[in-house]
Amino acid sequence: MDKIGILAELNEKQKEACQIIEGPLLILAGAGSGKTRTITYRIAYLIASGINPINILAVTFTNKSAEEMKQRVQSLIGDRSNFMTMGTFHSICSRILRKHAELLGFTSNYAIYDQKDSINLIKKIISNLDLPKETFKPKRIKNVIGKLKRELVSPEQYEKSAYSPNMLKIAIIYREYIKYLKLNNSMDFDDLISKTVLLLEKYPEIKLYYNNKFKFILVDEYQDTNRIQFKLINLLSDVYNNICVVGDDDQSIYSFRGADIENILSFDQVYKNTKTIRLEQNYRSTKYILKAASSVIVNNVERKGKTLFSDWKNGEKLNLIESYSSMEEANTVMEEIKKLNKRGVSLGNLAILYRTNAQSRSLEMAAQKFQIPYIIVGSVKFFERVEIKNIIAYLNILANPKDNMSLLRIINVPTRGIGKKATQTLEFEAHFKGKSILDIIPNIASMDIPSRSIKAINNFYSMYIKIKNNSKNKGVRKTIEIILEETDYIDKMYNKTDPESVSRIENIEELLNSANEYDIINENGNIETYLQQVSLFTDIDRWKEVSDRVNMMTVHSAKGLEFTGVFVVGAMDGLFPHIINLESNDKIEEERRLFYVALTRAKEYLTITYSRTRDFHGSINPSIPSRFIKEIPETLFKNKPYFKYDNSLLEEPKDNIFETNIDNNLAIHPVFGKIRVIKTTGNGDQKRAYI
DNA sequence: CTCTGCGCGATTTTT
DNA sequence: TCGCGCAGAG
Ligand SMILES: Nc1ncnc2c1ncn2[C@@H]1O[C@H](COP(=O)(O)OP(=O)(O)OP(=O)(O)O)[C@@H](O)[C@H]1O
């Protein structure tokens with residue numbers, strides 16, 4: 001397609017955005033206004049204008065959207081597009097780091113640790129340092145360290161600024177953590193970005209090289225970038241300043257990962273000659289849906305106001321459904337899905353969106369009961385399943401023998417008589433000598449380890465060598481097959497009559513298939529790049545829309561997607577907005593943005609459901625509808641809510657039922673009638689009853 | 001060294 | 001409710 005053809009599929013504002021080829025460009029626009037479409041077409045337009053695709057860098061939020069964007073551009077301007085660079089910040093940085101790892105004291109086969117790996121490592125460090133894990137909660141420490149990395153604060157700097165003994169301890173954990181990662185030739189997610197920034201800052205010639213390579217930079221979902229990501233694109237675009245960012249401040253929902261809304265709000269102050277384009281027409285949703293979403297988001301104070309209109313039909317009003325329990329809620333949703341399906345909406349065009357992954361349980365049960373095909377995105381992520389992680393750990397030690405974390409993960413899986421004592425000694429010796437465990441195993445005879453274990457370890461080591469030799473240049477799939485064979489993994493781990501085992505074996509087969517796909521697509525691929533790729537994979541990346549199944553996912557995962565019909569479930573105060581974010585206005589505003597994102601995923605049909613009770617780890621608690629529902633004008637609902645909620649209820653959410661009526665382990669519950677109370681915990685509004 | 005079972009604590013979102 | 005860490009028996 002030529003330039004004219006490309007522009008023909010855009011509105012005036014969108015065209016204008018394409019035709020501004022040079023200089024800083026900010027596209028600020030509401031949901032469904034075609035931001036992603038504009039950026040995609042702009043890339044095609046750049047190429048059609050004679051710009052070399054090699055000089056284009058596009059950053060997307062997920063691997064999947066990068067893939068989609070790539071295909072869309074290809075369909076517009078053909079195979080030339082193959083030469084551009086597209087991906088998430090993390091995948092782009094990992095590719096850059098592969099080339100220059102040595103300059104940072106790593107090698108190109110470095111492993112990437114995910115959140116869980118990092119937390120496990122921190123746990124270990126905390127216990128090695130004999131620190132109480134109640135004060136030093138691994139997850140919290142990980143967050144602190146992540147934040148420090150994103151701000152490029154070193155352990156030494158942090159130590160200097162510490163003003164409490166606990167902060168000094170954290171500085172030590174941080175230092176140990178970095179040391180351990182380096183020794184393992186591994187990086188965590190934050191390292192990928194921050195080390196790339198350090199690389200560009202430290203080596204002007206490398207910075208210049210990438211400036212010349214990526215002369216045109218585009219960033220989608222810019223509202224969810226963090227400061228260091230800004231720093232990165234700032235460095236990359238330093239020479240040419242051709243930087244186009246696209247986003248919607250109302251859809252910033254990743255502050256917990258450091259996303260800073262300031263990035264988009266002050267873009268035009270940082271880049272003085274920024275041109276700003278606002279897209280105001282929504283092409284996605286009916287008028288009623290758009291009106292509902294707008295009435296919610298206007299309650300936020302910290303925002304750049306935007307106009308957003310739709311030329312489409314009014315459409316159907318919103319459905320508001322009240323239930324007594326999450327199970328009933330889930331069942332009702334399934335009934336509604338059947339109805340919409342009968343009216344011609346295919347299951348694949350429907351989505352159930354929720355605040356937390358735990359909510360998918362009752363939905364899954366209901367879908368099975370109603371025999372509705374479904375797909376859950378995200379809750380138990382494919383590459384985080386034990387069976388998959390174990391095999392990946394085997395691959396990791398082949399690709400990166402320094403990776404002690406992976407080695408320790410599988411040295412006794414399947415069990416082969418290498419116990420805690422023996423592995424601890426190995427770990428200690430390795431640490432003492434500053435070497436990796438695989439390095440020191442050949443000297444095992446000199447260590448204080450019982451002979452039975454020595455034998456087991458030696459057997460493991462010769463198996464490792466055998467796998468390593470046999471799998472050389474054999475492709476990823478074959479390598480995994482060799483691992484499975486040599487370790488006798490399936491037979492030793494699973495029993496084929498147990499349904500749990502069957503599903504795990506199926507997952508392993510799926511891994512083999514995807515490895516095979518990788519081998520075919522990447523002719524000169526290798527295990528190292530395969531691993532670096534899959535380490536950055538998320539569940540949404542594996543998600544294929546083609547199958548006709550109802551989609552279930554968190555609102556976070558649904559970012560950027562659209563569906564004909566959307567069900568927003570669990571709209572109760574304390575769940576959505578989540579209780580943990582009720583303390584400050586900032587946090588409530590982010591919950592509101594999240595709710596806004598949820599509503600704006602819908603094209604034609606939108607249903608909001610809530611339940612009068614909320615499940616919490618087996619206990620059931622009374623709850624009231626989300627405050628966000630109240631922000632939608634009642635006239636936009638098909639049906640008036642049965643439940644009258646008002647301010648007094650919002651301010652006084654306590655329900656004293658459990659306190660007053662518990663007697664002889666029997667209580668009268670307003671919803672369930674007579675119940676038996678098994679135990680209660682907490683007091684006042686913390687009181688929980690297990691029934 | 002391995003396996004099982006019991007008690008405890010936790011509230012979210014994910015590249 | 002569920003996933004963990006730990007103790008204690010085989
Ligand atoms: N000019 C246009 N003509 C027809 N359809 C359009 C136009 N622009 C956008 N659309 C359609 O509107 C829908 C939303 O577009 P897109 O996903 O690009 O919006 P967005 O602004 O990125 O949304 P969000 O902020 O919710 O991620 C898509 O189905 C897209 O094809």
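On a predicted model such as this, the values are computed, not experimentally measured, just so you know. We name chains A, B, ... by the order of the sequence lines, and we start the count at 1 in each one.
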Between P of B:dT13 and CZ of A:Phe61, the distance in whole Å: 15 Å

Separation between the C1' atoms of B:dT13 and C:dC4, rounded to whole Å: 22 Å

Aromatic stack A:Phe89/B:dT15: centroid gap under 5.5 Å, interplanar angle under 30°: no

Proximal nucleotide (of B:dA10, B:dT13, B:dT14) relative to the A:Gln115 side chain: B:dT14

Residue mapping more 5' on DNA chain B - nearest nucleotide basis, A:Arg614 or A:Ala422: A:Ala422

Closest to the A:Thr415 side chain, choosing from B:dT12, B:dT13, B:dT2: B:dT2

Gap between atoms CD and P, on A:Gln223 and B:dT14 respectively (whole Å): 16 Å

Sugar-phosphate, base or nothing in reach of A:Ile580, heavy atoms under 4.0 Å: base

A:Ser91-A:Arg95 side chain donor-acceptor pair, cut-off 3.5 Å: yes

Between B:dC3 (P) and A:Met493 (CE): distance, integer Å: 10 Å

Euclidean distance, atom NZ of residue A:Lys137 to atom P of C:dC4 [Å, nearest integer]: 17 Å

Sugar-phosphate, base or nothing in reach of A:His578, heavy atoms under 4.0 Å: sugar-phosphate

Distance-only donor-acceptor pairs under 3.5 Å for side chains of residues 122-129 of chain A, two or more places apart:
from	atom 1	to	atom 2	distance (Å)
A:Lys124	NZ	A:Glu427	OE2	3.1
A:Ser127	OG	A:Lys124	O	3.3

A:Arg257 side chain, from C-beta outward: closest of B:dC1, B:dT2, B:dT15: B:dT15

Given C:dG5, B:dC1, B:dT15, the nucleotide with the shortest approach to the side chain of A:Lys123: C:dG5

d(CD1, A:Ile253; P, B:dT13) in whole Å: 13 Å

A:Ser557, nearest nucleotide to its side chain (from B:dC1, B:dC3, B:dT14): B:dT14

Residue closer to the 5' end of DNA chain B, A:Gly419 versus A:Glu590 (nearest nucleotide): A:Gly419

A:Arg361, CZ: over 12 other non-hydrogen atoms inside 6.0 angstrom: no

Residues, nucleotides or ligands: over 12 heavy atoms within 6.0 Å of A:Lys137 NZ: no

Any A:Asn412 side-chain nitrogen or oxygen under 4.0 Å from OP1 or OP2 of B:dT2: yes

Selected nucleotide, minimal atom distance to A:Glu591 side chain, candidates B:dA10, B:dC1, B:dT12: B:dT12

Under 4.0 angstrom between A:Asn357 side-chain N/O and B:dT13 OP1 or OP2: yes

A:Asn300 side chain to A:Tyr596 side chain, donor-acceptor N/O pair below 3.5 angstrom: no

Whole-Å gap separating P (B:dC1) and NZ (A:Lys455): 16 Å

Exercise: identify the closest heavy-atom pair between A:Leu594 and A:His556: CD2-CE1, 3.6 Å

Options B:dT14, B:dT15, B:dT12, nucleotide nearest the side-chain atoms of A:Thr554: B:dT14

Nucleotide of B:dT12, B:dT15, B:dC1 approaching A:Phe189 most closely (side-chain heavy atoms): B:dT15

A:Lys139 NZ - B:dT12 C1' separation (whole Å): 7 Å

Whole-Å distance separating the CG atom of A:Asp220 from the P atom of B:dT15: 15 Å

First of A:Lys420 and A:Arg361 reached from the 5' end of DNA chain C, by closest nucleotide: A:Arg361

From B:dT13, B:dA10, B:dT15, nucleotide with atom closest to A:Thr356 side chain: B:dT13

